Amino acid sequence: MITVELDNFSLREICRSGQCFRMHETAENNTYELVAGDKYLKISQAGSIVNFYCSDVEFICYWVPYFDIDSDYGRYIEKVNPRDTYLSAAVQCGNGIRILRQDLWEMIITFLISQQNNISRIRSCIERLCVRYGEKLKAGDTEYYSFPTPQQLSVATEEELRRLGMGYRARYIVETTRSILAGEVSLEKLYQMKYYRRARKELMKLSGVGEKVADCICLFALHHMDAFPIDTHIRQVLDEHYRRGFPNRRYHGMRGIMQQYIFYYELIGERGKI
DNA sequence: TCCCAGGCGGTAG
DNA sequence: CTACCGCATGGG
């Protein structure tokens, strides 16, 4: 077990922010478990003290970048315009959220499924996908299923995926998997792309990936902090609170985290009370 | 029950 | 360019 003290870090807020659909609160208090790619982690928090139930090497090499632990989120929070009462409230509500560095392939499939779908159903769809096409693995005596690789998912037919409840997104999954395996879009190249706009444009070559889904992938996998996914909730907020547009200039290099604070606030925060 | 969900692709004007 | 439409399914 690794114990560290972290500022502006909250498992509760990370879990509920809806970036990772395979993170769950357990029966134990303030204890969570998550599966990312083929890795399982149990993690708990008391105040600013966070316990990672894993080896030193795994912590340093995998979970530090995954949870963006080396970044100072106080720097983002300081930048918020105090006269922007809406954003200030959103940040206060969602303080502790991190922008995760999740697996690119997993985010592509996850956010293909997310479109025109509700969060609990997205979760169950992904879980079924993992059970059906992923690998059964063990961490100690805990069994879990890895997220299927492109090769593993390539055996799925559109009809099979429809039976799994993917709906009309089944075709997108089949076509996108084929595109990746055929090398029409390269995951390695996407990881190397320095510019957000370039990666976004490349992702939009995939079937079922439009502007919003591409932005989610850019933010939650590629860590392009200027990506600003606009979904139905964010659209409402922009119309209501930012009629003259979101202050992009001010939040250059941190638009993504501001989007997450807003999304979280709308999802479970004190919406409508201002 | 009935509405809707972290949209996208296609078509029409 | 913008405006619409159809799409699958089950959670609340």
Side-chain angles (χ1 to χ4, degrees), chain A residues 13-24 90 93-94 97-100 102-104 106-132 156-180 184-185 196 199-242 245-246 255-269 271-272:
Chain A
E13 270 57 50
I14 292 168
C15 184
R16 297 172 73 180
S17 70
Q19 296 172 63
C20 175
F21 292 91
R22 303 195 73 197
M23 180 171 180
H24 303 276
C93 173
I97 291 177
R98 294 283 167 147
I99 302 296
L100 306 177
Q102 301 183 81
D103 180 75
L104 175 57
E106 185 170 343
M107 289 303 99
I108 290 173
I109 298 301
T110 292
F111 282 95
L112 275 183
I113 291 169
S114 79
Q115 66 177 262
Q116 196 63 20
N117 212 338
N118 64 59
I119 293 198
S120 58
R121 213 170 88 81
I122 297 166
R123 285 194 131 90
S124 65
C125 281
I126 292 167
E127 213 50 42
R128 283 197 295 278
L129 211 62
C130 293
V131 171
R132 175 69 181 81
T157 64
E158 181 177 339
E159 193 181 325
E160 238 176 350
L161 291 169
R162 281 177 183 268
R163 279 202 297 273
L164 269 184
M166 304 300 148
Y168 69 92
R169 307 161 199 86
R171 185 167 51 87
Y172 298 154
I173 296 172
V174 169
E175 289 177 354
T176 286
T177 302
R178 190 200 51 75
S179 292
I180 295 294
E184 292 165 13
V185 172
Y196 153 57
R200 185 183 199 254
K201 193 176 171 187
E202 188 67 13
L203 283 163
M204 285 174 65
K205 290 179 182 172
L206 295 168
S207 171
V209 177
E211 297 184 357
K212 190 270 173 183
V213 168
D215 278 335
C216 284
I217 299 165
C218 281
L219 187 57
F220 303 138
L222 300 174
H223 213 76
H224 287 301
M225 292 295 272
D226 272 323
F228 192 90
I230 299 175
D231 60 40
T232 51
H233 302 114
I234 300 292
R235 170 52 59 197
Q236 256 187 314
V237 172
L238 292 180
D239 290 344
E240 197 174 331
H241 297 279
Y242 299 97
F246 190 74
R255 282 159 43 85
I257 180 65
M258 299 305 162
Q259 188 273 2
Q260 276 298 280
Y261 289 133
I262 295 171
F263 180 79
Y264 183 86
Y265 190 49
E266 288 299 310
L267 196 64
I268 54 171
R271 69 186 293 183

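Computed from a prediction, not measured in an experiment: that's the story for all the values here. Reminder, nothing fancy here: chain letters follow the sequence lines and each chain counts from 1. Just so it is clear, the values below take in all heavy atoms, side chains as well, and ignore hydrogens, waters and symmetry mates.
Distance noted for atom P between dG10(C) and dC8(B): 22 Å (whole Å). With C1' as the reference atom, dT1(B) and dG11(C) are 13 Å apart, rounded to whole Å.
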Between the protein and nucleotides 2-4 of chain B, which nitrogen or oxygen pairs come in under 3.5 angstrom?
none

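For the pair Arg121(A) CZ and dT9(C) C1', the interatomic distance rounds to 4 Å; values are reported in whole Å.
Residues Met204(A) and Asp231(A) each lie close to DNA chain B; by heavy-atom proximity, the contact nearer the 5' end of the strand is made by Asp231(A). Heavy-atom distances to DNA chain C give each of Gln115(A) and Ser120(A) a nearest nucleotide, and the one nearer the 5′ end belongs to Gln115(A).
Nucleic acid contact for Ser17(A): base, since at least one base atom lies under 4.0 Å from a heavy atom of the residue.
For DNA chain C, none of the residues of residues 205-212 of chain A falls under the heavy-atom distance limit of 4.0 Å. Less than 4.0 Å separates DNA chain C from at least one heavy atom of each of the following residues of residues 158-177 of chain A: Arg162(A), Gly167(A), Tyr168(A), Arg169(A).
Note on Glu184(A) versus Arg178(A): salt bridge recorded, some NZ/NE/NH1/NH2 to OD/OE distance being below 4.0 Å. Salt bridge status for Glu13(A) with Arg98(A): absent, with no side-chain N to carboxylate O gap under 4.0 Å.
Across all non-hydrogen atoms, the minimal contact from Gln115(A) to Leu112(A) is CG-O, 3.2 Å. Minimum interatomic distance between Arg128(A) and Gly165(A) (heavy atoms only, all atoms of both residues): NH2-CA, 4.1 Å.
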